[in-house]
Protein chains: 2
Amino acid sequence: MNFTISEENYIKSIYHLQQQSGIVNTNSLAAQMHTRAASVTDMLKKLKNKKLLQYERYKGFKLSETGKKVALQVVRKHRLWEFFLVEKLKFDWDKVHAIAEELEHISSDELVQRLDNFLGNPSFDPHGDPIPDKNGRIPTINQQNLTNIPLKKTVTVSSVGNQAPQMLEMLKHYNIALGTQVSVLNKFEFDGSLQIKIFKQNPCIISEQVAKNIFVHYAE
Amino acid sequence: MNFTISEENYIKSIYHLQQQSGIVNTNSLAAQMHTRAASVTDMLKKLKNKKLLQYERYKGFKLSETGKKVALQVVRKHRLWEFFLVEKLKFDWDKVHAIAEELEHISSDELVQRLDNFLGNPSFDPHGDPIPDKNGRIPTINQQNLTNIPLKKTVTVSSVGNQAPQMLEMLKHYNIALGTQVSVLNKFEFDGSLQIKIFKQNPCIISEQVAKNIFVHYAE
DNA sequence: AAATATTTTTAGATTTGTCTAAATTTTAAT
DNA sequence: ATTAAAATTTAGACAAATCTAAAAATATTT
C-alpha cells in the first residue's frame, strides 16, 4: 500500500505519542502536528478506513499492527537519513531534523536498503535514537537519565530526550555530544540540579530539566 | 521563493522542451507531463503570475530568466542525486531516474551544496548529462552522435539522447555504457544502420535510430 | 446531579491540482 | 475566402487536506 506524505506524518506522530502514553487523543495530536483538532478528526477517519488505526468517536485512538509497521518504516527512513546527513555530509547533528522530515517520504524500498548498507547498517542515529531494521525491529540499550545514576560513576551519553533546537543548542554550549563521558559529582536537593564533570572539562552545573533529558549507559 | 512539487515539475519539463524547440506549446507539455491540456493551461496561469513564464493566450510560451534559474536548480538536484545513487549506492544507471524524480524536490540549499562536495563536484551525471553548478552554469563538451563520426576512428560514449528504459535496456544488451570505446566500421546506405566495433567485443550492427541517440566525444 | 468546562466531532468553506466537456482561437485545406 | 481540423482555453466539477464556527459528547466541579 502507498500513503501520502500527510498520512505518513500523522502515522509517525501518532506512533511517537503512543510510545509515551499508550493511547492518543485528538488535541495532543493536533498540537504535535501544528494543526487543528478538526483536521485531525478528518484524517483519523481516513486512517481508520485504511485499517491503520483503532479509533472510536470521542474515545481516543492508537495504531493498528499495520499502522505500527508503517510508522516504523518512516522512523527507519528518518533516522537513516539523519545518520547520512551527519556522518557523510558532515552536518551538525542539530541541523538535520528538518531535512530528514522531507527525505523520510521518499518511497523506494530499494533506496532505503541500499542506503542502510552504504552507511554500514547503523543501530543508532546521531541523536542516539535506535534505527528500526527492515522488519521494524528496534535495537535496545540499557539507558538511564542523568538524575538516576550513582555519584562519581563515569557514564556515556547515549541519547537526548528532547530534540528541540533550544535543547540541542544548550548541549552544544556545554560541549556534550553522543559518546561524551560524564560523571555526576553532586546532587543539590534544593532544585534538583546536578554538578557534573564532563571529560576534559571543569565541573559545571545543569538543571534537573536538562539532566532528565540526557540519557546515558554504562557497563554492569 | 518557494515552489510546490507540481510547479517544479512543470518548470523542469518546460525547460527540457524549450531546449529542443525554443518555444513550447500546450499539447506537447501535456504529453510530456502525462496530463491534459486543460491542466497545463491552469498551471501556466499560475506560473505566469509568479513571473516564471513568458506566456500569451494561444501563442505558446517559454521560461523567463527567473524560471530558467529555477529549472536549472531542479536539474542540478536531479543529476546530483542520480550520481549519488549510481556512484555511492551502486544502483544500475537505468534504475535511478524515478528515485531522482522524488529526491530533486528536497528543498534545502545547504543539502545540495554539501551533496555536491561529498560527490567531488561531478560535472556529468551517470547518463552523461551535464550537472549545472550552483550558479546554474552548465559544463560543455564536444559531442557528436554516432552517425556523424568518421569511419574507423575510436571514440568514447559520453551520453545518450533518449533515456527511456527501453533504450537503456538495449544499450545494456549491447554492453554499451558511458566511457565505452567504440568505432564505426561501416555505414549501410540502405537503412542508415551502422556496423560498429565495441572495445573487446565482436562487431555488431545498430539501427540508425539507436546510433542517433548515442553521443560520443573524441580528441581534436 | 446540575452546571460548567473541556474535548471532540460535524457542517460548510477554501486552496491546490486535477479532470471532462464545451467554447474559442488559430492553422490548414479546399 | 470559406470551411474543416487542430490546438488552446474556459467553465464547471471533484478529491485531498486544510480551516472556522457551531454542535455534540464527555469530564469536572460545585
Side-chain angles (χ1 to χ4, degrees), chain A residues 1-15 17-18 20-63 67 70-71 74 101-102 104-105 107, chain B residues 1-15 17-18 20-63 67 70-71 74 101-102 104-105 107:
Chain A
M1 249 237 242
N2 261 346
F3 305 100
T4 66
I5 290 174
S6 189
E7 286 169 339
E8 286 189 350
N9 282 331
Y10 273 93
I11 293 166
K12 192 184 55 158
S13 286
I14 295 167
Y15 174 80
L17 286 174
Q18 77 181 28
Q20 299 170 338
S21 36
I23 202 146
V24 188
N25 57 5
T26 305
N27 271 344
S28 57
L29 182 52
Q32 173 98 353
M33 306 263 322
H34 305 104
T35 185
R36 301 311 177 115
S39 310
V40 170
T41 302
D42 290 343
M43 182 57 86
L44 291 178
K45 285 183 199 159
K46 284 175 211 160
L47 296 179
K48 186 184 182 181
N49 280 338
K50 295 193 175 187
K51 315 266 188 216
L52 298 165
L53 215 58
Q54 290 164 28
Y55 160 60
E56 284 185 76
R57 274 160 65 266
Y58 292 100
K59 296 295 185 191
F61 46 89
K62 56 181 179 179
L63 294 174
V70 175
V74 179
E101 287 285 298
E102 292 187 60
E104 73 190 6
H105 302 294
S107 57
Chain B
M1 249 233 244
N2 261 349
F3 305 101
T4 66
I5 289 174
S6 189
E7 286 169 340
E8 286 190 350
N9 282 332
Y10 273 92
I11 292 165
K12 190 183 57 159
S13 287
I14 296 166
Y15 174 81
L17 287 174
Q18 77 180 30
Q20 299 169 337
S21 37
I23 201 143
V24 188
N25 56 8
T26 305
N27 271 343
S28 58
L29 182 52
Q32 173 98 353
M33 305 262 323
H34 305 105
T35 185
R36 301 311 176 112
S39 309
V40 169
T41 302
D42 290 344
M43 182 58 87
L44 292 179
K45 285 183 200 159
K46 285 176 210 160
L47 296 178
K48 187 185 182 181
N49 281 337
K50 295 192 176 188
K51 314 268 190 215
L52 298 165
L53 215 58
Q54 290 163 27
Y55 161 60
E56 283 184 78
R57 268 155 72 262
Y58 293 100
K59 296 294 186 193
F61 46 90
K62 56 182 179 178
L63 294 175
V70 175
V74 179
E101 288 285 299
E102 291 186 61
E104 72 190 6
H105 302 294
S107 57

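A, B, ... follow the sequence lines: proteins, then strands. Residue 1 opens every chain.
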According to a strict under-4.0 Å criterion, is [X] in side-chain N/O contact with OP1 or OP2 of [N]?
X       : N      : answer
A:Lys59 : C:dT7  : no
B:Asn27 : D:dT8  : yes
A:Thr4  : D:dA16 : no
B:Lys46 : C:dT16 : no
A:Tyr10 : D:dT18 : yes
B:Arg36 : C:dT20 : yes

Using whole Å, report how far [atom1] of [X] lies from [atom2] of [N].
X       : N      : atom1 : atom2 : answer
A:Leu47 : D:dT18 : CG    : P     : 11 Å
B:Leu53 : D:dT8  : CG    : P     : 14 Å
A:Ile23 : C:dT7  : CD1   : P     : 16 Å
B:Lys48 : D:dT9  : NZ    : P     : 11 Å
A:Met33 : D:dA17 : CE    : P     : 11 Å
B:Leu44 : D:dA7  : CG    : C1'   : 13 Å
A:Ile5  : D:dA16 : CD1   : C1'   : 13 Å
A:Glu56 : C:dT7  : CD    : C1'   : 17 Å

Exercise. When rounded to the nearest 0.5 angstrom, what is the spacing between CD1 in B:Ile11 and NZ in B:Lys50?
Worked result: 8.0 Å

Exercise. What distance separates A:Lys62 NZ from A:Leu52 CG, expressed to the nearest 0.5 Å?
Worked result: 15.5 Å

Using a cut-off of 4.0 Å on non-hydrogen atoms, how would the nucleic acid contact of [X] be classed: base, sugar-phosphate, or nothing?
X       : result
A:Asn25 : sugar-phosphate
A:Phe61 : nothing
B:Thr26 : sugar-phosphate

For this session: Spell out, as yes or no, whether a donor-acceptor pair under 3.5 Å connects the side chain of A:Gln32 to the backbone of A:Leu17.
Result: no

For this session: For the pair A:Gln18 (side chain) and A:Leu63 (backbone), establish whether a donor and an acceptor sit closer than 3.5 Å, ignoring hydrogens and angles.
Result: yes

Candidate nucleotides [options], ranked by approach to the side chain of [X] - the nearest:
X       : options                : answer
A:Ser39 : D:dT18, C:dT8, D:dT26  : D:dT18
B:Met43 : D:dT10, D:dT18, C:dG17 : C:dG17
A:Ser6  : D:dT18, D:dA11, C:dT9  : D:dT18
B:Arg57 : C:dC19, C:dT10, D:dT9  : D:dT9

For this session: Could you check A:Leu29 against A:Phe61 for side-chain contact (heavy atoms from CB on, under 4.5 Å), going step by step and ending with a plain yes or no?
Result: CA-CA 10 Å; A:Leu29 182 52; A:Phe61 46 89; 3.8 Å; yes

For this session: Return yes if the base of C:dT7 and the side-chain atoms of A:Tyr58 contain a donor-acceptor N/O pair under 3.5 Å, otherwise no.
Result: no

Seminar exercise, completed: From the list A:Glu7, A:His105, A:Glu101, side-chain hydrogen bond (donor to acceptor under 3.5 Å, both in side chains) with A:Lys12 holds only for A:Glu101

